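Comments concern the structure below.
Keep in mind the model is a prediction, meaning the values are calculated, not measured. Letters go in sequence order (proteins before strands), and every chain restarts at 1.
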2 protein chains.
Amino acid sequence: MKLGEGVEWAAHCAIIVAGLAGRSTIPGKALAEYHGVSETYLLKHLKALVTAGILESVPGPRGGYRLARDAAEITLLDIVEAIDGKQPVFRCTEIRQRGPTAVEACAYRGPCGINRAMLSAEAAWRLALAEHTLASLAAGVAISADPRVISRTGEWLARNERKSAS
Amino acid sequence: MKLGEGVEWAAHCAIIVAGLAGRSTIPGKALAEYHGVSETYLLKHLKALVTAGILESVPGPRGGYRLARDAAEITLLDIVEAIDGKQPVFRCTEIRQRGPTAVEACAYRGPCGINRAMLSAEAAWRLALAEHTLASLAAGVAISADPRVISRTGEWLARNERKSAS
DNA sequence: ATAATCATGGATGATTTATATCCATGATTC
DNA sequence: GAATCATGGATATAAATCATCCATGATTAT
């Protein structure tokens with residue numbers, strides 16, 4: 001079982017976007033360069049964040065991406081679900097209804113016990129993810145990062161951030 | 001992100017094996033038939049359970065599988081890890097060390113904040129899985145299953161169970 | 001002993017998913 | 001009107017997963 005790289009990319013991008021001033025934006029191309037990843041593919045993931053209502057996109061020469069809502073209202077779970085989908089990790093194939101001991105399908109009322117256990121564990125996972133907001137993650141990065149990285153990021157932001165007109 | 005079918009197969013098999021009397025065994029072929037799945041592939045997963053110390057296998061004409069330890073001492077987490085491995089679900093590729101703002105690798109001390117959050121959520125998932133034992137799962141199946149299924153399973157067991165010599 | 005049964009392990013192919021790219025389109029700003 | 005940027009679809013490539021087959025070795029019944 002594995003979580004795709006897209007989630008990592010999206011989360012890091014979201015933290016950068018959360019660091020923008022006001023309603024400024026940052027282009028997808030800059031985000032790809034900053035993280036050293038494929039631009040075209042990253043754009044796909046950013047689009048998923050837009051569809052999920054996490055980011056909003058501004059087209060045009062001074063366009064880019066910005067947060068669609070406050071950083072404290074965006075959780076890690078939101079990002080994971082936007083990229084990876086909301087499907088359950090464990091998919092019960094109703095194996096109990098197969099083989100020689102099976103009876104009519106209507107006899108199997110409640111969900112399979114194994115499925116129940118798996119789903120409850122998954123709920124615990126999602127709950128833990130939802131406890132981390134973009135705001136808390138960004139704060140964590142800020143206090144633990146190397147000063148040189150922070151300074152370089154500041155310069156890079158100054159070059160690439162698109163100040164809001166308003 | 002998806003958990004393979006092997007986990008489902010292994011879990012259901014483990015519950016059947018947990019229902020055997022004493023040190024009796026059940027052949028892999030019978031388990032495959034019971035669940036209506038590929039025998040050769042199921043054998044691979046059963047092997048993984050043996051390697052993990054969950055089942056033990058008895059070769060020979062009257063051989064098969066039985067639990068390697070008490071059902072109350074085997075958790076759903078054990079089974080998931082035996083089949084799916086113990087690798088973390090989220091694998092940090094240290095994306096922060098790439099791109100134009102990167103500095104020397106030694107400057108990145110602690111783990112990335114996103115990685116920390118992901119790992120903590122994963123720990124919650126594993127903890128929840130570990131709360132379900134084979135004994136509790138088997139009990140849950142027993143009380144919620146259709147009476148006809150239970151009776152058929154009993155007959156099936158009588159035909160396929162290999163009583164222990166001792 | 002011999003044959004039957006069963007687990008083991010490796011090699012292999014098929015299927016699916018994830019990753020990545022390209023190109024055409026439409027919207028916005030200079 | 002031209003440049004810039006996001007969008008969306010089509011498509012290729014790589015990797016992980018699923019599944020099967022076959023050869024081997026161990027054990028037990030006859």
For [X], which contact category applies under a 4.0 Å heavy-atom criterion: base, sugar-phosphate, or nothing?
| X | value |
| --- | --- |
| B:Gly64 | sugar-phosphate |
| B:Thr40 | base |
| B:Lys29 | nothing |
| B:Leu46 | nothing |

Taking the side chain of [X] as its heavy atoms from C-beta onward, which of [options] lies nearest to it?
| X | options | result |
| --- | --- | --- |
| A:Pro61 | D:dT7, C:dT29, D:dG9 | C:dT29 |
| A:Arg162 | D:dC5, C:dC6, C:dA20 | D:dC5 |
| A:Ser38 | C:dA7, C:dT21, C:dA20 | C:dT21 |
| A:Arg62 | D:dT20, C:dT21, C:dT29 | C:dT29 |
| A:Pro59 | D:dT27, D:dA6, D:dA10 | D:dA6 |

When the distance from [atom1] of [X] to [atom2] of [N] is rounded to whole Å, what number comes out?
| X | N | atom1 | atom2 | answer |
| --- | --- | --- | --- | --- |
| A:His45 | C:dT17 | NE2 | C1' | 13 Å |
| A:Tyr41 | D:dA10 | OH | P | 18 Å |
| A:His35 | C:dT19 | NE2 | C1' | 18 Å |
| A:Asp84 | C:dT19 | CG | P | 9 Å |
| B:Glu56 | C:dC6 | CD | P | 18 Å |
| A:Leu43 | D:dA6 | CG | C1' | 7 Å |
| B:Met1 | D:dT17 | CE | P | 13 Å |
| B:Leu3 | D:dT17 | CG | C1' | 12 Å |

| query | If you pin A:Gly6 and A:Gly60 to their nearest nucleotides in DNA chain C, which one's is more 5'? | reply | A:Gly6
| request: Could you walk me through whether B:Thr40 and B:Lys44 pass the side-chain hydrogen bond (donor to acceptor under 3.5 Å, both in side chains) test, one step at a time? | output: CA-CA 7 Å; B:Thr40 50; B:Lys44 278 218 153 17; over 6 Å; no
| query | If you find the nucleotide of DNA chain D closest to A:Val58 and the one closest to A:Lys2, which residue's nucleotide is nearer the 5' end? | reply | A:Val58
| message | Using OP1 and OP2 only, check whether a side-chain N or O of A:Ser57 sits under 4.0 Å from D:dC5. | response | no
| Any A:Lys44 side-chain N or O less than 4.0 Å from OP1/OP2 of C:dT19 |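 For A:Lys44, the contact criterion (side-chain N or O under 4.0 Å from OP1 or OP2 of C:dT19) is not met.
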| remark: One should read off an interatomic distance between B:Arg148 CZ and A:Glu104 CD, to the nearest 0.5 angstrom, of 4.0 Å
| request: Verify the cluster assignment for A:Ile16 and A:Val149: are they in a single hydrophobic cluster under the rule of side-chain heavy atoms below 4.5 Å apart? | output: no
| message | Between A:Glu73 and A:Thr133, is there a side-chain donor-acceptor contact under 3.5 Å, judged purely by atom types and distance? | response | no
| query | Is it true that the side chains of B:Glu8 and A:Thr93 contain a donor and an acceptor less than 3.5 Å apart? | reply | yes
| query | Hey, are B:Lys29 and B:Glu33 close enough for a salt bridge, meaning a charged N less than 4.0 Å from a carboxylate O? | reply | no
